[in-house]
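Below you'll find the structure, written out as structure tokens, and then a few comments.
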Number of protein chains: 2
Amino acid sequence: MDETTEQLNRAFAALADPTRRNLVARLAGADATVGELAEPYDMSLQAISKHVKVLEDAGLVTRSKEAQRRPVHLDAEVFGLMTKWIERYRQEAEERYRRLDALLGRMADDEDQKQTHTKDAS
Amino acid sequence: MDETTEQLNRAFAALADPTRRNLVARLAGADATVGELAEPYDMSLQAISKHVKVLEDAGLVTRSKEAQRRPVHLDAEVFGLMTKWIERYRQEAEERYRRLDALLGRMADDEDQKQTHTKDAS
DNA sequence: GACTTTCTCAACCAGGCGGTTGACAATGCC
DNA sequence: GGCATTGTCAACCGCCTGGTTGAGAAAGTC
């Protein structure tokens, strides 16, 4: 499997968990340590440490390696990959939808015209 | 848990699987039946049927209910939800990055100025 | 009504995931 | 060195997931 594919696998999987999305949301405001991140949750520090590792493996987050107190920092790059993927297909879908809409519009016009003709003939 | 949260859970989880992302990519081009979708994969029809169900539960896909031959159709709406979520935090992260960059820039300028003064004094 | 085609449902299995607890590694401070 | 703080590693557990096979439901065709 190609590298981008695996990166998307990990990134989407990482954001599928609400706790991890919440971590991302908080990290968007400011860097934080695992301890600070863990504080508000009713969950062990180890659990949060694991969540952070998942985000890190997905490339969504980086950490300064000043071990003991290793602040976590949000990294925008992979997010870009994800939106690029999503937007591509969303736009195709919407384009197709617009074309279908236009087609239905034309069919309705034809229908109107038929009725007009009928009316004219009557 | 609120409804949007669960929707994002399901949507991100759905797209975490490469087979499902591939289905989405193909459906962006044209609607298709489960049989047509299953054809290219080395996998049972039932497996694909399950994958489609996951996409459907995530709201990424809808199906005309003319049971037996029930074409699958890509739905753009939830994709919008996802990009909105991602882009919000990506932009915050980039904004923070720019500010940090500017700060580092100013610090470097100060450093230059100090050197200039030293030079002037010498 | 019988048969074909298309798809889903149910049961099962291996493996991964999200959480726990307990031990311990690594740095900072006295 | 000794100790506190901060974080990770390892083993374990229950559950969900992605796949399989086999059976059956639902509509179209003869």
Side-chain angles (χ1 to χ4, degrees), chain A residues 1 5-27 30-74, chain B residues 1-2 5-27 30-75:
Chain A
M1 213 176 310
T5 300
E6 281 173 9
Q7 199 144 357
L8 286 175
N9 292 172
R10 286 191 295 265
F12 279 115
L15 294 187
D17 185 285
T19 302
R20 281 188 305 250
R21 281 202 309 279
N22 196 248
L23 290 173
V24 167
R26 291 171 56 206
L27 287 169
D31 292 358
T33 65
V34 170
E36 291 161 359
L37 289 172
E39 198 271 327
Y41 305 104
D42 186 23
M43 203 184 297
S44 69
L45 184 92
Q46 290 93 321
I48 299 298
S49 180
K50 275 192 185 180
H51 279 308
V52 170
K53 184 153 198 321
V54 171
L55 291 171
E56 193 179 4
D57 291 346
L60 296 170
V61 128
T62 59
R63 322 185 56 175
S64 340
K65 193 140 128 239
E66 35 173 297
Q68 188 205 15
R69 191 157 188 89
R70 332 179 30 188
V72 181
H73 170 257
L74 196 60
Chain B
M1 211 174 313
D2 100 69
T5 300
E6 282 173 9
Q7 199 144 356
L8 286 174
N9 292 172
R10 287 191 294 264
F12 279 115
L15 295 186
D17 185 286
T19 302
R20 280 187 306 250
R21 282 202 308 281
N22 196 249
L23 290 173
V24 167
R26 293 171 55 206
L27 286 169
D31 292 358
T33 66
V34 170
E36 290 162 359
L37 289 172
E39 197 274 325
Y41 305 103
D42 186 21
M43 201 182 299
S44 69
L45 184 94
Q46 289 95 320
I48 299 298
S49 180
K50 275 191 183 182
H51 278 307
V52 170
K53 183 153 198 320
V54 172
L55 292 171
E56 193 179 5
D57 291 346
L60 296 169
V61 128
T62 58
R63 324 186 55 177
S64 339
K65 195 142 128 238
E66 35 172 295
Q68 185 206 18
R69 190 158 188 90
R70 329 180 29 189
V72 181
H73 171 255
L74 196 60
D75 187 352

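All values below were derived from every heavy atom in this structure, side-chain atoms included, with hydrogens, water molecules and symmetry-related copies excluded. The chains referred to below are lettered A, B, ... by the order of the sequence lines, with proteins before strands, and numbering in each begins at 1.
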* Value rounded to 0.5 Å, distance of CG in Leu55(A) from CZ in Arg21(A) -> 11.5 Å
* Asked: Nearest-Å distance, CG (Asp57(A)) to C1' (dT8(D))?
  -> 13 Å
* **Per Ala47(A) side chain, nearest of listed nucleotides dC7(C), dT20(C), dG19(D)** => dT20(C)
* Return the nearest nucleotide to the side chain of Val34(B); candidates are dA11(D), dT8(C), dG7(D). => dT8(C)
* **Lys50(A) NZ to dG16(C) C1', straight-line distance once rounded to whole Å** => 11 Å
* Rounded to whole angstrom units, what separation is found between the CZ atom of Phe12(B) and the P atom of dC16(D)? -> 22 Å
* **Inter-residue atom distance Asp75(B).CG - Glu56(B).CD, 0.5 Å rounding** => 11.0 Å
* **Distance below 4.0 Å between Ser49(B) side-chain N/O and dT8(C) OP1 or OP2** => yes
* **Base dG22(C) to side chain Gln46(A), donor-acceptor N/O within 3.5 Å cut-off** => yes
* Between Arg20(A) (CZ) and dG18(C) (P), how many Å, whole number? -> 4 Å
* Asked: Rounded to the nearest 0.5 Å, what separation is found between the CG atom of Leu45(A) and the CD atom of Glu39(A)?
  -> 11.5 Å
* To do: Using a cut-off of strictly less than 4.0 Å, decide whether Arg70(B) has a side-chain nitrogen or oxygen near OP1 or OP2 of dA27(D).
  => no
* Looking at NE2 of His73(A) and OG1 of Thr62(A), how far apart are the two atoms once the value is rounded to the nearest 0.5 Å? -> 5.5 Å
* Take atom CE of Met43(A) and atom P of dT21(C), then tell me their distance rounded to the nearest Å. => 12 Å
* Which whole-number value in Å describes the distance from Ile48(A) CD1 to dG19(C) P? -> 8 Å
* Do side-chain atoms of Arg70(B) reach the backbone of Val34(B) as a donor and acceptor pair under 3.5 angstrom? -> no
* Asked: Within this structure, what is the CG-to-P distance between Leu15(B) and dT17(D), rounded to whole angstrom?
  -> 15 Å
* Glu36(A) CD - dT5(D) C1' separation (whole Å) -> 13 Å
* Would you say dG19(C) has OP1 or OP2 under 4.0 Å from some side-chain N or O of Ser44(A)? -> no
